[in-house]
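Index from 1, following the sequence.
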Amino acid sequence: MKFLLGSLLAIVSLAWGMDVLATGGSSGGTLPWVIRQEALYLSGLLSIALMSLAMFLSTRPAWLETPLGGMDRVYRTHKWAGILAVSFAVVHWLVEEIVGDILKAMVGREGRIPKEQFTGFLEVMRDLAKDMGEWAFYLVLAMLVITLWKRFPYKTWRVVHQAMPVLYLMLALHAAMLAPTDYWTQPVGILIALLGVAGIYGALYSLVGRIGRARRASGTVTAIEQPSPDVLAVKCQLDNNWRGHRPGQFAFISFDEKEGAHPFTIASADRGDRSISFQIKALGDYTRTLGKRLKVGHAVKVEGPYGRFDMARQDSSAQQIWIAGGIGVTPFLAWLDSLQQTPSQVSADLHYCTRDRTNDPFVARLEASCAALPGIRLHIHGAQQGEALSAADVADTLNGSRRLEIWFCGPQGLAEKLKQELGRIGQGRFSCKPPAIPS
């Protein structure tokens, strides 16, 4: 994610710099006004480039799962591209409005960059693009606030987020019409055009409802259980459109068309009968009330599968450490379920972190599954029992002669804590494979 976003920012900045070197940059004004104008161009370019990337990634291109490490990382990149895009849009607005006013007060209007003159249709379109860009900016900024402020219900966020393709098209028009004319004879113009095509494709693809359509299957809920007050177990039977899944993958599930789809990890192995199950944790307003609204026979739509948290990608030469935190145990449940069907020589230490091991709904299932798999050594860590997982617990199970590979699914804070601790005590005895602890 960081490499892709950093590379895009570097390429856009390089293209902007090449134009400045080739044309001398904005001309006809004094240095303060020239700097302000080029800062305006650069911030605008970075914003629309990132927004174009976010718009394209929103189409869920499955072919990007391999280079980016799974659809979860694709969407994480989408999220941060959007956040950075709005951040640069804010900088763009500040340079336009605030810095302009400061320069007027300090050095006066003399020395301002003369505006390019247009007539007829182009003049009308530029005026329209300027107004549309300003209104779209305010709406996108409001959407970012709703996204980051967790108190807004998911339904509110979803309604606002559905307007994003239209807002992007408004901003794309703004960028294309207000870009300097000389850009279109320079590499920066080609870059704007390519990114614009990708973003417009994503916007239109979303507006016509094509996202994920080729991977959708319909079905019904066949079983519902409540193993604990905050966990709902749901089993679904899907139609022939379901293409099967690999243990550890996830899917977007829709129980209500008005609510839309939510991503959940598939907690069962693929038995070839198009039956899948989910363990849904009550983490928000939607999941907390789901158990009261679902009934056996309820229609369901599932889109997927997605994800690269695949047991088949393990390095057989490395010592396997599997770490699950809370509801992050679900992909490992699917792994264990798969191993029950096709016994193998897989050897691993599975560490499960829970608040209370005594009342945890997954402990008994894990113990039963691992009892039938001699190669899987289960370690339960209950926080209320004073058994919080530490790097020392992991180190106790290490074989110093083998390289270590860690597969982690759980809270981000726990992942970062373990990475730091393991790095301090490891002293070069092991390394973690890239997909091991996702960032």
Drop me the distance from [X]'s [atom1] to [Y]'s [atom2], to the nearest 0.5 angstrom.
| X | Y | atom1 | atom2 | value |
| --- | --- | --- | --- | --- |
| E38 | D19 | CD | CG | 7.0 Å |
| H351 | L418 | NE2 | CG | 9.5 Å |
| C370 | I376 | SG | CD1 | 6.5 Å |
| L350 | L373 | CG | CG | 10.5 Å |
| Q341 | L336 | CD | CG | 12.0 Å |
| L9 | L42 | CG | CG | 9.5 Å |

Donor-acceptor pairs are to be reported for all side-chain atoms of residues 196-214 against protein atoms at under 3.5 Å, with residues two or more places apart or in another chain.
| from | atom 1 | to | atom 2 | distance (Å) |
| --- | --- | --- | --- | --- |
| R213 | NH2 | G209 | O | 3.2 |

Might you confirm whether atom [atom1] of [X] has over 12 heavy atoms from other residues, nucleotides or ligands at distances under 6.0 Å?
| X | atom1 | value |
| --- | --- | --- |
| W184 | CH2 | yes |
| R355 | CZ | no |
| E225 | CD | no |

Side-chain ([X]) to main-chain ([Y]) donor-acceptor, under 3.5 angstrom:
| X | Y | result |
| --- | --- | --- |
| E405 | Q320 | no |
| E134 | A129 | no |
| D337 | S268 | no |
| R288 | A282 | no |
| H298 | F255 | yes |

Salt bridge (Lys or Arg N to Asp or Glu O under 4.0 Å) filter on E387, not counting sequence neighbours, yields R357
_So, using salt bridge (Lys or Arg N to Asp or Glu O under 4.0 Å) as the criterion, who are the partners of D393 when residues are at least two apart?_
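For D393, no residue satisfies salt bridge (Lys or Arg N to Asp or Glu O under 4.0 Å) once neighbours in sequence are set aside.
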Sequence neighbours excluded, the answer for side chain to side chain donor-acceptor pair (under 3.5 Å) partners of R243 is none
Those residues at least two apart in sequence (or on a different chain) that pass side chain to side chain donor-acceptor pair (under 3.5 Å) with S52 are Y168
Aromatic ring proximity [X]/[Y], centre distance under 6.0 Å:
| X | Y | result |
| --- | --- | --- |
| W16 | Y41 | no |
| H381 | Y352 | no |
| F332 | F408 | no |
| F264 | F252 | no |

Provide the closest heavy-atom pair for [X] versus [Y] in the form atom of the first, atom of the second, distance.
| X | Y | result |
| --- | --- | --- |
| K235 | S275 | CE-OG, 3.0 Å |
| G375 | R377 | O-NH1, 3.3 Å |
| Q237 | T222 | CB-CG2, 3.6 Å |

Note to self: Test of understanding: with side chain to side chain contact (heavy atoms under 4.5 Å, CB included), list the residues that count as partners of P361, not counting sequence neighbours.
What the structure shows: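 With neighbours one apart ignored, the set is P227, S228, V231.
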Quiz item: Would Y183 and L191 satisfy side chain to side chain contact (heavy atoms under 4.5 Å, CB included), going step by step from the backbone distance to the final call?
Solution: CA-CA 10 Å; Y183 272 14; L191 185 59; over 6 Å; no
With L53 as partner, the option from L84, L5, I48, L195 fulfilling side-chain contact (heavy atoms from CB on, under 4.5 Å) is L5
